[in-house]
Amino acid sequence: MRFRILGPLEISGAGHTLTVTAARQRVVLSTLLLDANCVVSTAQLADALWDDAPPTTARGQVQICVSALRKTLTRLGLPDRIVTRPPGYLIEVADGDLDLHYFDRLVLAGQQALAESRLDDAAEALSAALALWRGTALAGVDSPALRAAATRLDERRLAVTEDWLDVELHRGRHQHVVGELRELVATHPLRERLHAQHMRALSGAGRPAEALAAYRSARRVFLDELGLEPGGELRRLERAILTDARADEPADDVPVSPPVPRLLPADPPELSGRDRPLAVLREALAGNDGAAVPLVAISGPVGVGKSTLAVRAAHALAPAYPDGQLYLNLLDPDGRPVAPATALERFLRALGLSGDAVPAGLDERAELYRDRIAGRRVLVVLDDVTHERQVLPLLPGATGAGVLVTSRRRLTGLTGARAVHLDPLDIADSVRLLATALGPARLAADPAGATALAQLCDGLPLALRIAAARLAARPHWTVAQLADRLRDEARRLDELTFGGLDVRARLATSYAVLSPAARLLFRSLGALPAADLPLPLAGRLPGVRDEIVEDALEELVDAQLVDVGVDPTRYRLAGLIRLYAAERLAGDEPTAHAESA
């Protein structure tokens with residue numbers, strides 16, 4: 001293997017192994033390797049280096065790190081491995097070059113062998129996978145974003161360790177694993193599966209008194225830490241040992257079933273033009289028996305229908321996830337990101353915990369959450385995510401569960417996620433959505449007005465639903481009348497609000513999280529009469545310095561407030577977004593600034 005991240009970061013080549021000593025180079029190389037053979041954006045690398053607060057020179061410093069890494073790899077006989085690919089870089093890793101990839105392959109082989117009852121083959125493959133680990137993943141790499149990714153990898157290691165221990169117990173090697181289980185229980189005292197394995201190992205090794213003592217110790221931990229009695233499996237094992245039954249066979253009594261959360265919002269009645277992405281979501285999440293938790297990230301601009309698609313897909317997938325569906329909007333009503341600790345508290349309560357049983361700390365909540373859904377077929381829907389950091393603590397650690405995420409940003413930092421990007425609807429699908437909401441007869445009476453209305457709503461389902469709701473509330477209006485009202489740019493955003501739905505308010509939440517430089521550039525762009533502009537023109541806007549314009553534009557692109565044109569040096573603002581930018585310019589800047597822009 002050329003690259004190792006399952007422990008301290010190492011590179012091998014030209015007959016020796018090298019440890020990268022420069023801290024920033026370690027962060028950049030680790031980030032690239034976590035998404036090996038995939039493009040990692042410069043913005044993502046900057047976030048990993050500076051924890052979402054990069055300096056204005058971030059792009060140049062990232063380029064310096066990449067250049068230094070290329071020289072190091074060349075010296076090791078690994079030239080041309082890091083390739084420049086807009087909007088960032090890609091590291092090319094051949095089969096067998098990266099220990100993480102080899103780990104995944106061995107785990108899959110072990111699980112397939114176990115499914116076919118080939119216990120010896122399963123034990124050999126899982127043991128070989130675990131032998132690849134040399135300590136904590138990415139040890140010594142200093143980056144909050146990478147520490148979160150490393151935690152997720154360590155959780156996978158622990159889940160595979162539990163699978164291997166189950167295989168060993170089924171092979172009758174009880175005495176062989178007692179010592180390792182004692183250490184694991186001490187290190188991870190809230191994992192019921194480990195406690196159960198420890199009890200089974202002791203009982204199978206002819207040490208029933210120690211197995212009962214292990215149960216009492218586990219019970220004290222759960223009562224002291226969580227205020228809960230042990231789960232059904234541990235209680236059954238205790239009774240089995242007390243009655244001199246075999247501790248590795250289930251007792252005859254039926255355990256109390258855990259709560260089955262059903263937190264999805266209502267299945268939306270209106271969905272137009274989304275058959276293909278819906279099929280992709282169902283295909284990606286229906287097969288949840290693989291080596292990794294299936295993870296799909298939907299991205300797209302404000303109002304494009306990400307949440308609607310996610311909820312529709314989640315309802316369609318409910319039969320594949322009979323143990324429940326967890327749902328949470330990770331943007332609060334004031335437009336602030338919901339903290340992962342808050343989200344975990346909500347989920348733990350939905351999974352049956354109450355009162356003081358929910359731990360106080362983020363790490364403890366995350367560990368208990370992963371333990372609660374381990375082995376259960378639960379679909380987790382995380383809506384309106386602002387940053388990868390919100391998602392990572394909420395990811396299950398074991399197979400069986402699936403995760404569906406929506407975000408206005410492309411969440412390229414979610415390792416292994418399948419990306420689904422939504423564009424605005426075309427005119428035909430926009431008209432079909434209006435017809436579904438209003439009834440075809442009303443639109444058939446004015447097809448030209450329906451087309452105009454669809455164009456003025458920019459193909460955004462949110463704007464189209466608001467328009468349809470306003471027409472439904474005013475049956476005396478014609479479609480053309482509402483279209484005429486929207487043609488007035490000064491009042492278009494005022495017209496696109498109804499019953500709690502508001503295009504302007506949704507755009508404001510995207511604007512609020514921008515950096516000061518990006519907000520200034522966004523406001524200044526509102527002065528331009530054209531929706532399309534070249535990069536050099538953006539650099540001439542008042543107050544926008546040349547050295548920050550490119551990064552600020554890329555931030556606006558990441559936020560889905562600006563699109564990149566067919567020509568990558570030209571940028572575009574959609575109509576409703578341009579109108580909102582003009583409003584911010586008029587409201588937040590002096591008249592002289594607006595006139596200068």
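Just so it is clear, the values below take in all heavy atoms, side chains as well, and ignore hydrogens, waters and symmetry mates.
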Taking every non-hydrogen atom, the tightest pair across [X] and [Y]:
X: L146; Y: L138; value: O-CD1, 4.3 Å
X: P393; Y: L362; value: CB-CD1, 4.2 Å
X: V260; Y: P322; value: CG1-O, 3.7 Å
X: H174; Y: A205; value: CB-N, 3.7 Å
X: V338; Y: A343; value: CG1-N, 4.2 Å
X: P396; Y: V403; value: CD-CG2, 3.4 Å

When you compare the side chain of [Y] with that of [X], does any pair of heavy atoms fall below 4.5 Å?
X: P277; Y: L309; answer: yes
X: V405; Y: I298; answer: no
X: L34; Y: I5; answer: yes
X: L169; Y: V167; answer: no
X: N37; Y: I91; answer: no
X: L264; Y: H315; answer: yes
X: L165; Y: L181; answer: yes
X: R409; Y: V385; answer: no

Restricting to pairs with a member in [range], which pass salt bridge (charged side-chain N to carboxylate O under 4.0 Å, His left out), not counting sequence neighbours?
range: residues 68-89; answer: R81-D97
range: residues 14-37; answer: none
range: residues 305-317; answer: D267-R312
range: residues 133-142; answer: E10-R134, D142-R147

Could you measure the distance from the [atom1] atom of [X] to the [atom2] atom of [Y]? Nearest 0.5 Å is fine.
X: L285; Y: L317; atom1: CG; atom2: CG; answer: 5.5 Å
X: L281; Y: R276; atom1: CG; atom2: CZ; answer: 12.5 Å
X: L368; Y: D363; atom1: CG; atom2: CG; answer: 12.5 Å
X: L114; Y: D166; atom1: CG; atom2: CG; answer: 8.0 Å
X: L212; Y: S203; atom1: CG; atom2: OG; answer: 8.0 Å
X: R152; Y: L395; atom1: CZ; atom2: CG; answer: 4.5 Å

[X] side chain to [Y] backbone, donor-acceptor under 3.5 Å:
X: T136; Y: A139; result: no
X: E124; Y: D120; result: no
X: Q390; Y: P340; result: no
X: Q325; Y: Y321; result: yes
X: T17; Y: G13; result: no

Q: Run the numbers on E192 and D371 for side-chain contact (heavy atoms from CB on, under 4.5 Å), then give the verdict.
A: CA-CA 7 Å; E192 288 198 27; D371 185 63; 4.1 Å; yes

Which residues pass the ring-ring contact (aromatic ring centres under 6.0 Å, His included) test with [X], sequence neighbours left out?
X: Y89; result: none
X: H195; result: F222
X: W133; result: F103

Q: Please step through side-chain contact (heavy atoms from CB on, under 4.5 Å) for the pair Y215 and I241, ending with a clear verdict.
A: CA-CA 10 Å; Y215 172 79; I241 296 168; over 6 Å; no

Q. Between D95 and R105, is there a side-chain N and carboxylate O pair less than 4.0 Å apart?
A.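 R105 and D95: salt-bridged.
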
Q. When you check the gap from the basic side-chain N to the acidic O, do E168 and R171 get nearer than 4.0 Å?
A.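 Looking at R171 together with E168, the answer is yes, because their closest N to O distance falls below 4.0 Å.
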
Suppose we screen for salt bridge (charged side-chain N to carboxylate O under 4.0 Å, His left out). Which residues come up paired with [X], at least two apart in sequence or across chains?
X: E155; result: R191, R370
X: R207; result: E210
X: R346; result: none

Q: Please step through side chain to side chain donor-acceptor pair (under 3.5 Å) for the pair S299 and S407, ending with a clear verdict.
A: CA-CA 5 Å; S299 63; S407 177; over 6 Å; no

Q) Does the salt bridge (Lys or Arg N to Asp or Glu O under 4.0 Å) test come out yes or no for R418 and E283, once each step is laid out? A) CA-CA 11 Å; R418 183 163 181 177; E283 181 270 331; 2.6 Å; yes

Q: Output all residues satisfying side chain to side chain contact (heavy atoms under 4.5 Å, CB included) with R365, sequence neighbours left out; order by chain, then residue number.
A: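 So R365 forms a side chain to side chain contact (heavy atoms under 4.5 Å, CB included) with A341, L344, E345, L348, V358, P359.
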
Q: State which residues pass side chain to side chain contact (heavy atoms under 4.5 Å, CB included) with A145; sequence neighbours excluded, sorted by chain then number.
A: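 S143.
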
**Q.** Worked check of side-chain contact (heavy atoms from CB on, under 4.5 Å) between L126 and D163
**A.** CA-CA 8 Å; L126 295 177; D163 291 342; 4.2 Å; yes

Q) What's the verdict on salt bridge (Lys or Arg N to Asp or Glu O under 4.0 Å) for R219 and D224, showing C-alpha distance, side-chain angles and the deciding distance? A) CA-CA 8 Å; R219 183 172 182 269; D224 291 345; over 6 Å; no

(Q) Please identify which of these residues, D384, D383, N329, meets the side chain to side chain donor-acceptor pair (under 3.5 Å) condition with S307. (A)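 Going through D384, D383, N329 one by one, the side chain to side chain donor-acceptor pair (under 3.5 Å) with S307 is satisfied by D383 alone.
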
Q. Is there a side-chain contact (heavy atoms from CB on, under 4.5 Å) between R2 and L73 once you walk through the steps?
A. CA-CA 10 Å; R2 303 290 191 183; L73 293 175; over 6 Å; no

